[in-house]
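What you see is a predicted model, and the numbers here were worked out from it, not measured in a lab.
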Amino acid sequence: MDRFHELNAFIAVVESGGFSAAARRTGESQPAVSKAIAALEKRLGVALFNRSTRSVTLTDQGQRYYDRTKPLVDEIDDADSELTSSTQTVSGLIRISAASTFGRLHILPLIPELLSLYPGLQVDLVLSDFVRDMVEDRIDLAIRVGPVEDSDAVVRRVAVTPLVCVGSSRYFEKHGMPKSPADLSGHNCLLYGGLTELAKWPFTGQHGRFSVTVRGSLSSNSVETIRAGVLAGVGIGLFAKVSLADELNHPDVITILDDFLDDVRDISLVWPKRRFVPARVRRATDFFAAAVPQRL
């Protein structure tokens, strides 16, 4: 059996999560995919998958083999793509990650346009407020808000977003409105990050940058939770502006301390550092580099 066919079947099973899904992805029958994997395992003399009635997972040897062979197959696909400039030749699976709220508001609406430009692409959009390990989670492209601390990644900044401090009129009617950052010590500040009872919020004054220690009754690792708490009148929140959409136009939502806030957060495209980048990742990166700033 053709070794390249075996490799393609193997990678399809890994990235699709099963033999049936791999068959749908490759356009082959499930028996054909199973036969290719069996031939590959026989040739290598190792089991690449742990199989059960409910799931298919990689063995340790299978994971090592995937990590070594996936870049090789990508490079072959990339070499093929470079021989033609037709958008129809940009194909394959691209796994994109973004923070949940930012991804829902700004990345998800762009996916139909990306797929229209490159009909051969398959997009797996992973929305999570956790910073994903790009290699372990097989992320091709991450779109991040805030600092990126990853020496094994390439970072392309495409935009910035200011910080905004907001609360609801219901909250301010009951508790008063802070006139300066120091006043926040007497308010219920909702904390993004979770697992913490206090945090430091950054501000700027006449003498430069400073921070104020705040605390509150609600903390979460979900921006959506903090947004909901602010809208419900629970307390005050500090957000990257891109995490808020129509809320800033809502009559019940009030921004405060604008004169003390001039910090911004980078919005960056991030991908694993490697010798080559597949054409589908390059095209998607260029697309988001142009499209994301237009939404902000």
Side-chain angles (χ1 to χ4, degrees), residues 74 78 90 94-115 117-118 121 123-166 192-193 199-204 208-211 221-224 226-227 237-245 247-248 255 258 260-296:
D74 280 345
D78 192 51
V90 178
I94 180 168
R95 200 157 196 240
I96 301 169
S97 73
S100 297
T101 302
F102 177 75
R104 177 178 62 81
L105 292 175
H106 301 290
I107 303 305
L108 181 58
L110 294 173
I111 298 300
E113 184 181 350
L114 176 66
L115 294 176
L117 284 172
Y118 306 112
L121 279 184
V123 174
D124 181 9
L125 182 60
V126 181
L127 299 182
S128 171
D129 284 333
F130 292 101
V131 177
R132 315 287 299 199
D133 184 305
M134 300 190 69
V135 175
E136 181 177 342
D137 293 336
R138 306 187 190 103
I139 301 297
D140 295 302
L141 177 65
I143 306 171
R144 294 183 182 169
V145 179
V148 178
E149 298 176 358
D150 190 343
S151 60
D152 294 323
V154 180
V155 181
R156 179 179 177 183
R157 189 180 75 168
V158 297
V160 296
T161 179
L163 296 181
V164 291
C165 196
V166 303
Y192 173 63
K200 293 183 180 295
W201 286 0
F203 295 97
T204 301
R209 296 179 182 276
F210 65 96
S211 61
N221 61 0
S222 164
V223 174
E224 294 282 357
I226 303 302
R227 288 170 68 247
L238 182 69
F239 301 91
K241 189 176 181 180
V242 291
S243 295
L244 303 173
E247 290 87 351
L248 291 178
T255 63
D258 293 344
F260 297 93
L261 283 168
D262 68 357
D263 265 19
V264 297
R265 294 291 181 264
D266 290 343
I267 300 173
S268 304
L269 306 178
V270 185
W271 60 93
K273 186 182 296 182
R274 50 191 176 186
R275 186 165 59 88
F276 73 96
V277 179
R280 61 183 178 277
V281 177
R282 293 201 310 270
R283 297 289 178 86
T285 299
D286 290 342
F287 169 80
F288 286 115
V292 168
Q294 295 179 10
R295 293 189 58 85
L296 307 182

Query raised in the report: Minimum heavy-atom separation for R144 to V270, with atom names?
Result: CD-CG2, 4.3 Å

Report task. Assess whether side-chain contact (heavy atoms from CB on, under 4.5 Å) is satisfied between L105 and V242, documenting all intermediate values. Result -> CA-CA 8 Å; L105 292 175; V242 291; over 6 Å; no

Requested in this report: Tell me, please, which residues at least two apart from L127 pass side-chain contact (heavy atoms from CB on, under 4.5 Å).
Outcome: A98, S100, L125

Query raised in the report: Does the side chain of D137 come within less than 4.5 Å of V126's, by heavy atoms?
Result: no

Requested in this report: Give, for atom CD of Q294 and atom CG of L296, the distance between the pair rounded to the nearest 0.5 Å.
Outcome: 10.0 Å

Query - Residues in salt bridge (Lys or Arg N to Asp or Glu O under 4.0 Å) contact with R265, at least two apart in sequence or another chain - result: D263

**Report entry** Spacing of R280 atom CZ and Y118 atom OH [to the nearest 0.5 Å]
**Finding:** 13.5 Å

Query - Within-4.5 Å side-chain heavy-atom neighbours: P202 and L238 - result: yes

Query raised in the report: Shortest non-hydrogen contact from L269 to T285?
Result: CD1-O, 3.3 Å

Query raised in the report: So R157 and D266, salt bridge (charged side-chain N to carboxylate O under 4.0 Å, His left out) or not? Walk me through it.
Result: CA-CA 7 Å; R157 189 180 75 168; D266 290 343; 3.4 Å; yes

Requested in this report: Starting at CZ of F203, measure out to CG of L261 and round the result to the nearest 0.5 Å.
Outcome: 5.0 Å

Query raised in the report: If we only count heavy atoms from C-beta on, is the F287 to L117 side-chain gap below 4.5 Å?
Result: yes

Query - Nearest non-hydrogen partners of V148 and S268, listed with the distance - result: CG2-CB, 4.4 Å

Query - Crowding at CZ, F210 (>12 non-hydrogen neighbours, <6.0 Å) - result: yes

Requested in this report: Under the side-chain contact (heavy atoms from CB on, under 4.5 Å) rule, what do E113 and L110 come out as? Steps first, then yes or no, please.
Outcome: CA-CA 5 Å; E113 184 181 350; L110 294 173; 4.3 Å; yes

Query raised in the report: Stepwise, does the side-chain contact (heavy atoms from CB on, under 4.5 Å) test hold for V160 with I267?
Result: CA-CA 5 Å; V160 296; I267 300 173; over 6 Å; no

Query raised in the report: Which heavy atom in A240 sits nearest to a heavy atom in T161, and how many Å separate them?
Result: CB-CG2, 3.9 Å

Query raised in the report: At their closest point, which heavy atom of S222 faces which heavy atom of D129, and how far apart are they?
Result: CA-OD2, 3.2 Å

Query - Contact check, side chains of R295 and P109, non-hydrogen atoms, under 4.5 Å - result: yes

Query - Close side-chain approach of I226 and F239, heavy atoms under 4.5 Å - result: yes

**Report entry** Over all atoms of both residues, closest heavy-atom pair of S243 and V223
**Finding:** CB-CG1, 3.9 Å

Requested in this report: Please round to the nearest 0.5 Å and tell me the distance separating atom CG of L141 and atom OG of S97.
Outcome: 7.5 Å

**Report entry** 4.5 Å side-chain heavy-atom contact, L163 and D262
**Finding:** no

Report summary line: So OG1 of T101 and NE2 of H106: to nearest 0.5 Å the spacing works out to 9.5 Å

Query raised in the report: Do P278 and V281 have side chains that get closer than 4.5 Å, going by heavy atoms?
Result: yes

Requested in this report: Could you please spell out the steps behind the salt bridge (charged side-chain N to carboxylate O under 4.0 Å, His left out) verdict for D286 and R156?
Outcome: CA-CA 10 Å; D286 290 342; R156 179 179 177 183; 3.0 Å; yes

Query raised in the report: Can you check whether I96 reaches I139 side chain to side chain, under 4.5 Å on heavy atoms?
Result: no

Query raised in the report: After noting the C-alpha distance and the side-chain angles of L244 and V166, does the key distance pass the side-chain contact (heavy atoms from CB on, under 4.5 Å) rule?
Result: CA-CA 10 Å; L244 303 173; V166 303; 4.2 Å; yes

Query - CG-NZ distance between L248 and K241, expressed to the nearest 0.5 angstrom - result: 6.5 Å

